[in-house]
*Asks:* 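This is the structure, below, for whatever I ask next.
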Amino acid sequence: KIINMVIHDNGDGIAFWVTSLDSEIYGCVLYRNGWDGPTGSRGNGHGIYSQNRDGTKQILETISFDNYATGMKGFAEAGYAIGYRFEGNISFNNGAPARPRPEFNREQNILVGTAVNPSDRIEIVNNYTYHPLNSSGPSLGLGYLSNPNGNVVVQNNYLVGGLGTTVYVKYWKIVRFPVNTVIGNGQFISVHPPTNTPWNAYQWDNNQYFSTVTNPWDTPGRVYNFNGWKQATALDPNSQWLTSVNNRPTGVKVFVRPNRYEAGRANIAVYNWDLRSQVAVDVSSILQPGARYEVRNPQDFYGAPVLSGIYSGQPLNLPMTGSTTSPEINAFILVTTS
């Protein structure tokens with residue numbers, strides 16, 4: 001187990017290979033790992049680079065951002081990516097530091113896929129990803145060249161991308177995709193089943209979507225608007241299309257994730273579509289009144305806390321400033337100091 005570590009400015013953050021059976025990464029903070037490639041190439045180096053064949057690797061409650069390539073991935077050209085659970089992670093802005101690639105290009109925040117051996121037994125649950133709405137690059141990538149892959153579950157995630165594909169799902173025989181929010185500024189979902197796999201092999205419903213383009217669903221040979229997608233596939237019968245103001249999502253979404261290894265600690269993700277200067281966050285499930293606390297910004301983890309004091313039982317007003325993604329999104333780490 002690798003628990004509550006801060007790992008930054010390396011080649012790769014964590015290398016997590018097939019020999020580490022049934023291992024776990026939990027509560028870590030990973031940033032600025034990687035390096036620039038040659039002119040015209042993408043960045044190199046990832047927050048987490050992993051392969052797996054036996055048992056299940058767990059990547060949980062980890063914050064991974066501003067790495068030169070992907071935020072976290074199970075990926076192989078000739079190896080294996082079988083048996084993963086990604087849960088409670090906050091992964092954003094990965095690929096942003098790489099130069100001289102165009103400034104707004106991004107890499108996958110979470111990626112699972114292989115070139116040869118099919119991927120299988122993948123769970124992507126309660127994760128929170130982000131690329132700026134004016135950037136390009138997928139936020140969640142599932143599948144690479146291997147065709148077909150086995151079983152993937154994508155459930156209760158909040159997935160934000162930019163001008164290109166936010167989520168792609170390539171060559172999976174069995175897909176469960178319920179209760180997700182997917183937001184993008186372009187053709188934001190690409191779904192390509194294996195040949196001769198019917199749409200009724202997929203359980204895909206109770207999701208929420210937002211895109212600024214007319215036909216945001218990409219499927220083999222066709223693109224669809226929301227109604228056309230539902231009619232062609234019989235998926236998403238109970239899902240919703242979100243309304244917008246000025247071609248932007250609206251409201252504020254807050255996710256508080258308690259840390260099971262350290263009492264009084266939690267990761268917090270805030271999506272601040274209304275661009276407020278501060279957002280009130282209820283942490284009553286984490287702190288007891290009278291506890292002394294600090295709130296740290298993982299984008300300046302070793303700097304001064306953005307907020308500290310003695311908890312009164314009232315929501316904490318967290319500042320949506322002081323980071324490269326402000327004020328649209330911020331992540332925070334709440335810790336108890338006494």
Side-chain angles (χ1 to χ4, degrees), residues 18 42 50-54 56-57 70 73-86 107-125 127 129 136-155 157 159 161 163-180 182 184 186-207 209 211 213-239 241:
V18 294
R42 65 172 177 81
S50 178
Q51 296 176 8
N52 197 62
R53 184 180 62 189
D54 303 310
T56 301
K57 280 188 168 61
T70 60
K73 70 176 185 178
F75 177 85
E77 293 288 348
Y80 298 87
I82 299 172
Y84 283 94
R85 184 173 180 87
F86 294 81
E107 295 284 343
Q108 295 93 340
N109 289 310
I110 300 174
L111 168 63
V112 179
T114 57
V116 179
N117 301 301
S119 297
D120 195 15
R121 296 193 295 109
I122 308 301
E123 295 178 278
I124 313 288
V125 180
N127 297 281
T129 72
S136 64
S139 203
L140 172 63
L142 298 171
Y144 180 47
L145 300 179
S146 177
N147 184 358
N149 296 303
N151 187 332
V152 63
V153 176
V154 183
Q155 183 168 347
N157 303 281
L159 308 167
L163 297 169
T165 303
T166 301
V167 176
Y168 64 81
V169 182
K170 295 172 64 175
Y171 317 137
W172 296 85
K173 292 190 292 186
I174 301 173
V175 177
R176 289 181 55 212
F177 196 96
V179 201
N180 300 287
V182 184
Q187 202 171 68
F188 69 159
I189 294 187
S190 179
V191 187
H192 285 233
T195 303
N196 298 323
T197 297
W199 288 113
N200 62 15
Y202 290 4
Q203 299 176 40
W204 193 299
D205 199 11
N206 296 302
N207 301 296
Y209 301 108
S211 176
V213 303
T214 303
N215 297 307
W217 269 272
D218 168 60
T219 68
R222 288 289 302 272
V223 295
Y224 294 102
N225 62 20
F226 186 38
N227 288 331
W229 156 260
K230 291 195 294 183
Q231 291 169 5
T233 64
L235 303 177
D236 274 326
N238 301 297
S239 297
W241 186 260

*Asks:* With rounding to the nearest 0.5 angstrom, report the CZ to OH distance, R121 to Y84.
*Replies:* 10.5 Å

*Asks:* I'd like to know if the side chain of N147 reaches the main chain of P194, judged simply by a donor and an acceptor atom lying under 3.5 Å from each other, with no hydrogens or angles considered.
*Replies:* no

*Asks:* Mind checking whether Y202 and W199 have parallel, tilted or perpendicular rings, split at 30° and 60°?
*Replies:* perpendicular

*Asks:* Report yes if some heavy atom in the side chain of E77 is under 4.5 Å from a heavy atom in the side chain of Y144; otherwise report no.
*Replies:* yes

*Asks:* Do T129 and N157 have side chains that approach each other closer than 4.5 Å (heavy atoms only, starting at C-beta)?
*Replies:* no

*Asks:* Could you tell me whether W241 and W229 have their ring centroids closer than 6.0 angstrom?
*Replies:* no

*Asks:* Could you walk me through whether T214 and N225 pass the side chain to side chain donor-acceptor pair (under 3.5 Å) check?
*Replies:* CA-CA 6 Å; T214 303; N225 62 20; over 6 Å; no

*Asks:* Would you find a donor on one side and an acceptor on the other, under 3.5 Å apart, between the side chain of N52 and the backbone of G83?
*Replies:* yes

*Asks:* Hey, what do you get for CD1 (I124) to CZ (R85), rounding to the nearest 0.5 Å?
*Replies:* 9.5 Å

*Asks:* Would you give the length of the straight line joining atom CG of D205 to atom OG of S239, rounded to the nearest 0.5 angstrom?
*Replies:* 4.5 Å

*Asks:* Would you call L235 and F177 a side-chain contact if the rule is heavy atoms closer than 4.5 Å?
*Replies:* no

*Asks:* Testing N109, T165, L111 for side-chain contact (heavy atoms from CB on, under 4.5 Å) with S139, which one passes?
*Replies:* N109

*Asks:* If the plane angle is over 60° it's perpendicular, under 30° parallel, otherwise tilted; pick one for Y209 and W217.
*Replies:* perpendicular

*Asks:* Report yes if some heavy atom in the side chain of V182 is under 4.5 Å from a heavy atom in the side chain of I189; otherwise report no.
*Replies:* yes

*Asks:* Should we count NZ of K173 as having more than 12 external heavy atoms under 6.0 Å?
*Replies:* no

